[in-house]
Protein chains: 2
Amino acid sequence: MRQTEPAAQAGPVEGHRVTTGKEVRVGIIGYGTVGRATAEILTHNAEEIRSRTGGIALRVTRLCRKTGGGVESGPSGIAIESDWKKIVEAGDVDIVVEAIGGTDTAYDVVRASLENNKAVVTANKALIARHGDQLFALANERKLPIGIEATVGGGIPIVRAISDALSADRIQAVYGIINGTCNFILTKMEGEGLEFGEALAQAQAAGYAEADPSLDIDGLDARDKISILARLAFHGAVLPEQIPAMGIRQVAATDFHYAGRLGSTIRLVASAERAANGINISVRPWLVRRDSMLAKVDGPNNAIFLAGERAGTQMFYGQGAGGGATGTAVLSDVVQIARHLGQNRRSPNAHLGFQHSGPLPLCESSRPVSWYLRLTVRDRPGILAHAAQAIAQQGISIDSVIQEPHMPKEKLSFVITLEPVRESVVQKAVAAINQLEFMIEPVLLLPMVSAAG
Amino acid sequence: MRQTEPAAQAGPVEGHRVTTGKEVRVGIIGYGTVGRATAEILTHNAEEIRSRTGGIALRVTRLCRKTGGGVESGPSGIAIESDWKKIVEAGDVDIVVEAIGGTDTAYDVVRASLENNKAVVTANKALIARHGDQLFALANERKLPIGIEATVGGGIPIVRAISDALSADRIQAVYGIINGTCNFILTKMEGEGLEFGEALAQAQAAGYAEADPSLDIDGLDARDKISILARLAFHGAVLPEQIPAMGIRQVAATDFHYAGRLGSTIRLVASAERAANGINISVRPWLVRRDSMLAKVDGPNNAIFLAGERAGTQMFYGQGAGGGATGTAVLSDVVQIARHLGQNRRSPNAHLGFQHSGPLPLCESSRPVSWYLRLTVRDRPGILAHAAQAIAQQGISIDSVIQEPHMPKEKLSFVITLEPVRESVVQKAVAAINQLEFMIEPVLLLPMVSAAG
């Protein structure tokens with residue numbers, strides 16, 4: 001980053017304890033929850049940060065919000081600008097923090113920042129999941145770093161864990177709970193016996209779900225995140241659209257009853273794992289043992305498991321969203337870039353693996369798992385016989401059949417659990433069951449993962 | 001590291017896919033579990049590693065074991081030398097991995113490596129806990145990196161989490177289970193109802209405990225580790241000897257019965273947290289809720305909690321020891337150093353905070369907690385009255401009294417739990433109780449920490 005060698009300061013900055021006289025200047029574009037928290041933490045923890053950088057001071061010099069106007073709430077009192085182009089072209093900005101969200105303007109912001117020889121830090125998962133390849137190609141060409149720690153898992157340092165901590169290991173799988181909204185809703189349903197709609201309303205009231213919650217509850221946010229994690233772990237490209245995603249709309253209060261009888265609960269899990277012929281990636285609800293670590297993750301928290309061939313399985317747990325956690329993650333990248341600013345780094349993003357542009361080969365999981373099937377039917381004699389026959393035709397063994405008492409005959413649900421079998425096989429049985437005339441709605445099919453977490 | 005600019009290679013290394021033609025050479029001193037695993041992983045995962053370094057190849061060029069003789073088991077077939085001085089002075093070594101253990105020769109090895117302008121990576125907690133200040137002072141003077149990720153928590157990237165991920169946050173506390181041997185023993189006692197001695201024998205048989213297990217079971221290993229974590233988190237020096245450490249010898253099978261009746265279990269926890277007048281640090285067994293994350297950590301695993309002012313509380317879980325996990329951590333530092341080798345890094349260790357040489361002010365915890373007191377007595381009338389009086393005299397309220405049925409009168413134990421109070425106050429009551437003539441052994445005093453994990 002010779003091009004943006006920060007201006008050496010002759011004297012002390014902010015009046016105290018600057019020893020090396022260096023300063024790195026940060027421009028923040030987007031001044032919502034994340035942008036605001038980033039500015040606030042940077043100012044509030046200036047001393048802590050300086051002690052981590054070997055004496056380099058960080059300072060917010062520019063702020064931008066679409067609507068413009070007003071000044072920063074902290075002691076700096078910087079005017080908030082409305083034109084992001086001024087920030088990416090500013091002579092007094094070394095690092096641009098992109099905190100707009102979305103993929104249109106945000107793409108232009110990151111691109112223009114790099115073209116103006118500025119390092120970039122972003123919390124924008126949708127942008128990196130879709131356009132990471134192009135943006136990292138440009139950044140690598142210009143030897144400029146892009147920091148993406150905040151794109152997944154809020155304050156949980158999962159990007160570092162994959163790219164730095166396991167840099168010498170062969171990663172087998174990365175999976176976990178990476179959407180706090182869904183986890184809040186599922187733990188509400190579990191704890192209070194609520195139906196999905198009631199729990200969603202509570203999540204909206206608590207500020208954990210948007211007015212249009214579909215990005216979260218249909219698994220699309222988790223899909224963006226797992227595409228980034230898979231990219232980092234397995235060094236190949238996978239677009240979100242390629243990843244099968246099932247959200248939590250279909251999960252009902254009755255599923256928690258059945259799960260409870262199976263010693264389990266339900267969590268939305270995003271997963272990417274090595275399989276025989278490539279990588280298996282999915283976002284879907286899992287039935288997990290009540291005594292597992294995954295089941296312990298409640299409310300809006302995240303937990304990410306990382307299985308290395310040599311390091312074994314690690315778990316990282318914490319707040320997956322919110323200004324404090326996400327701002328801390330943004331700043332962890334800002335600090336790391338600041339440490340290296342002014343050095344001619346050969347390939348500042350090599351550890352992230354975006355330079356490997358081939359697509360990841362996607363395939364079915366090689367691991368047979370047990371399955372939970374909830375059937376919702378109009379009751380009449382012979383239902384179980386028909387369903388069992390569809391299952392037997394695929395050579396699958398039934399492990400148990402459970403039915404709650406006192407259910408209305410016009411809409412009755414029961415659960416069949418199956419012994420371990422591959423998904424492609426169980427899906428054939430499910431397709432056959434869905435054709436049966438007594439079915440009111442499609443089978444809810446959940447993997448039962450006992451070993452994980 | 002201009003001084004040790006690695007030799008540029010004209011052609012491919014090991015015959016394939018080297019694009020930048022750079023190679024970084026590693027000398028490993030100490031060829032036991034960790035040294036051997038490090039060499040093996042480095043060779044086995046050469047391709048993965050190269051993809052993380054932007055094309056720099058890592059190669060083991062020297063191996064040293066006190067006894068010398070033989071060759072490396074992998075494909076390199078390097079001769080194993082006996083004189084470590086040859087490795088630290090070798091022209092074909094850029095990074096020295098110190099994997100001897102102990103603090104005498106290891107200190108000389110690290111010092112001599114730095115004096116010969118070589119970067120160092122070590123897994124040696126005892127060395128860094130005691131001599132980190134001197135070694136980092138020398139390293140900083142010479143602008144050479146020392147990697148210490150493997151000193152705490154095996155493969156868990158807790159050093160990075162504190163120093164990189166939370167570099168912009170103010171850390172409030174770091175605590176957790178960081179001795180796998182004790183955790184193995186405690187979970188054996190919990191799960192199988194064993195007495196301490198029986199569980200220790202099983203740990204020794206399983207290879208989790210040494211013939212002389214005192215470093216582990218008396219909390220001394222955990223004390224070394226928490227002194228390093230406190231140093232990283234709070235940027236001040238604390239020697240292991242300054243930290244009060246209680247091991248698990250006093251914990252008996254009966255304590256797990258009582259803990260169970262309190263919905264809890266027992267874990268050895270090392271903790272460092274901000275308090276009103278400094279930092280409170282300790283190693284001791286805690287009574288933890290059965291449904292807590294700490295209670296879920298079983299066998300030889302580790303779990304470390306990190307509470308940041310803005311990032312909230314995170315937990316990191318994984319294998320705390322073993323060649324695979326520790327070797328991966330060693331290599332994560334080797335890879336990170338290799339990425340920067342040949343660059344004139346201003347202060348390569350600034351993030352670790354060893355440049356702040358002032359001592360940490362140690363003090364009592366500001367947080368009142370509940371307490372578990374197990375009294376072992378010769379039974380006679382009036383015992384509870386005397387104990388209760390000693391407690392009342394300190395103004396402490398008793399929460400419950402529990403006694404298992406059918407105990408021998410000549411050695412009977414019962415438990416008193418107390419409402420939240422500071423340790424200095426409860427210690428006065430314990431001192432008074434220990435003076436009572438019916439006491440057979442000193443009170444076992446454990447904090448009951450409900451909020452944590």
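Because only heavy atoms are used, hydrogens play no part in the values below, and waters and symmetry mates are left out as well, while side chains stay in. A, B, ... follow the sequence lines: proteins, then strands. Residue 1 opens every chain.
For B/L42, no part lies near chain A; criterion is any non-hydrogen pair under 4.5 Å. At a 4.5 Å heavy-atom cutoff, the contact between A/S163 and chain B is made by backbone and side-chain atoms alike. Contact of B/T313 with chain A is made through the backbone alone, with heavy-atom distances under 4.5 Å.
With respect to chain A, the highest number of heavy-atom pairs below 4.5 Å among B/A325, B/A168, B/A329, B/G327 belongs to B/A168. Of the listed residues A/N302, A/I162, A/L352, the one with more heavy-atom pairs under 4.5 angstrom with chain B than any other is A/I162. Between chain A and the residues B/G154, B/G318, B/G322, B/G155, the most heavy-atom pairs under 4.5 angstrom are made by B/G155. When each of B/A311, B/A303, B/G312 is scored by its heavy-atom pairs under 4.5 Å with chain A, the top score falls to B/A311. Highest contact tally toward chain A, considering only B/A165, B/G323, B/S167, is held by B/S167 [criterion: heavy-atom pairs under 4.5 Å]. Heavy-atom pairs under 4.5 Å with chain B were tallied for A/A37, A/P157, A/A161; the largest tally goes to A/P157.
Inter-residue side-chain proximity for A/N301 and A/I177 is flagged as unmet; no heavy-atom pair is nearer than 4.5 Å. Proximity of A/F136 to A/I148: side-chain heavy atoms (C-beta onward) are separated by under 4.5 Å at one or more points.
From B/L166, atom CG reaches atom OG of A/S332 across 8.0 Å, with rounding to the nearest 0.5 Å.
For B/R160, the salt bridge (charged side-chain N to carboxylate O under 4.0 Å, His left out) test picks out B/E149, B/D333, with sequence neighbours left out. Residues meeting the ring pair (Phe, Tyr, Trp, His ring centres under 6.0 Å) test with B/F234, sequence neighbours left out: none.
The residues A/R310 and A/D169 are annotated as not salt-bridged, no charged nitrogen and carboxylate oxygen being separated by less than 4.0 angstrom.
B/R52 and A/H235 form a side-chain donor-acceptor contact under 3.5 Å, judged by distance and modelled atom types alone.
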